[in-house]
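Scroll down for the structure; my scribbles are underneath it.
Every value quoted in this text rests on a predicted model; they were computed, and no experiment measured them. Both ligands and their constituent atoms are indexed starting at 1 by order of listing.
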Amino acid sequence: MNTEQIKNLDNENIMHTYGRYNVALNKGQGATVTDVEGKEYIDTASGIGVNSVGYCNDGWINAVTDQLHKLQHGSNYYYNEVVSTLAEKLCSVTPFNKVFFGNSGAEANECAIKLARKYSFDKYGKERTTIITLKNSFHGRTITTLSATGQDVFHNYFFPFTPGFKYAEANNFEDMLSNVDDTVCAIMIELIQGEGGVNILEKDYVQKLRKLCDEKDIVLIVDEVQTGAGRTGKLYCFENYDIVPDVCTSAKGIGGGLPIGICMCTEKYANVMTPSTHGTTYGGNPVCCAGALYVLNEISDENFLKEVREKGEYFENKLRTVKGVKDVRRMGLMIGIELEKDNAGEIAKKCLENGLLIITAKTLLRMLPPLVITYEEIDKAVSILEKTITEE
Ligand SMILES: Cc1ncc(COP(=O)(O)O)c(C=O)c1O
């Protein structure tokens, strides 16, 4: 089928919840992807930060297919070696002590929210349920994670939303303090607001939040669905802030392309979730876990992470030379590009015609390339972006 035929099939049969770009992807290698007509693109979106080790990574494919040849699914009634091994590896390379496996970022956050509320219920009773999140945040699309999302635009249509969420201004500690009362059980943050426009939280602010949570026995949840899994040049972004969250969620890049969502907690919270308090049929699917284990082994290597930091810096330096680029907000390979003109959406569309996949975040262009992107691919991506901005 060509793009037009696929598009028609899609339009006729799939609920129109997505604004799609006019391209039908077919196959990829590294950070280069080809559409059904055979046209090549440098991919700086990687399926919204998912394909962390690139397309058709041999090691990842072998890990996944080896597991597929053994057992595709067993259910949580039974033990499974690869699932336990992934959990053990996660607990050994992070400060966390227990993990829960789900299928998406939103689900990982649901688990984090349930854990925080149960911790508080067990210790303080029914009234301490409020969770403070940040304005302009994004935490997912379930009814509860929409509630957690601090943007009015997401609080529509689906009433009633889950109660018990308040929103504080990012990087404003006084505003956070003014929201904290005896009903608060958790503070939930993204260290870099990805969907919100690549807004990087200040280190001092985050460290103050950590201290506040310690003083008041409030659970600090860090949503690393977008920032985690090596994206910012550390295995998890909180390492850049010299803090340890109580609960941390991970998804997207940790799966390398297969769906997985992970909620991790420190020892203090290890026994909060008890039998029957949480679960999901596909959680800890062995095929997804085999892929994630491969990814984790790759990205937890310090040399790999160093390269992510170096490539990020190289990317930023090149982007800063592009005429029409006003500013670059970046940590590792999580990149937000502020343009002089307010035309990020148009540029993203035009880049496609010129052979570059790039996404937006609010008024910015956003790049979340595969972490294995080569310097040659970075050069190509920047030159396509430059050409596109010049043409506009
Ligand atoms: C910070 C953050 N949290 C949660 C989510 C939701 O993840 P998922 O789409 O896998 O449910 C996203 C998705 O973009 C995200 O960026």
- Message: Is atom 14 (O) of ligand 1 near the protein, in the sense that some protein heavy atom lies at less than 4.0 Å from it?
- Response: yes
- Could you check atom 8 (P) of ligand 1 against the protein and tell me its nearest heavy-atom contact, residue, atom and distance included? G105 N, 3.5 Å
- Query: Which atoms from ligand 1 have a heavy atom of N109 less than 4.0 Å away?
  - Reply: 3 (N), 4 (C)
- Report the C-alpha separation of K318 and D379 in whole Å, then their side-chain angles, then the decisive distance to 0.1 Å, and conclude whether the side-chain contact (heavy atoms from CB on, under 4.5 Å) test is met. CA-CA 8 Å; K318 291 218 97 176; D379 289 346; 3.2 Å; yes
- Item | Charged tip of R330 within 45° of Y314 ring normal and under 6.0 Å | no
- State the atoms of ligand 1, each with its element, that fall below the 4.0 Å cut-off from a heavy-atom position in S104. 10 (O), 11 (O)
- Atom indices of ligand 1 within 4.0 angstrom of K252 heavy atoms, with elements: 13 (C), 14 (O), 16 (O)
- Message: Looking at every heavy atom in both I187 and L209, which two are closest together, and how far apart are they?
- Response: CG2-CD1, 4.4 Å
- Query: Do E224 and T227 get their side chains close enough for a donor-acceptor pair, meaning under 3.5 Å?
  - Reply: yes
- Task: If you have a sec, work out which protein heavy atom is nearest atom 5 (C) of ligand 1 and how many Å separate them, to one decimal?
- Result: V225 CG1, 3.7 Å
- What residue and atom, counting heavy atoms only, is the protein's closest point to atom 16 (O) of ligand 1, and at what distance? Q226 NE2, 2.8 Å
- Task: Determine whether the side chain, the backbone, both or neither of E190 has a heavy atom under 4.0 Å from any heavy atom of ligand 1.
- Result: side chain
- Query: So, does Q193 sit close enough to ligand 1 that a heavy atom of it is under 4.0 Å from the ligand?
  - Reply: no
- Task: Taking atom types as modelled, find out whether N57 and E298 have a side-chain donor-acceptor pair closer than 3.5 angstrom.
- Result: no
- Task: Would you kindly specify which portion of E195 sits under 4.0 Å from ligand 1, judged on non-hydrogen atoms: side chain, backbone, both or neither?
- Result: side chain
- Item | Flag for N103-T280: side-chain donor and acceptor within less than 3.5 Å | yes
- Item | Any side-chain donor near an acceptor of the partner, Y79 and S84, under 3.5 Å | no
- Identify the closest protein heavy atom to atom 3 (N) of ligand 1: which residue and atom is it, and at what distance? D223 OD2, 2.7 Å
- Task: Taking only Lys NZ, Arg NE, NH1 and NH2, and the carboxylate oxygens of Asp or Glu, determine whether E215 and K211 approach each other closer than 4.0 Å.
- Result: yes
- Message: Considering non-hydrogen atoms of the protein only, which is the closest contact for atom 11 (O) of ligand 1, and what is the distance?
- Response: A106 N, 2.8 Å
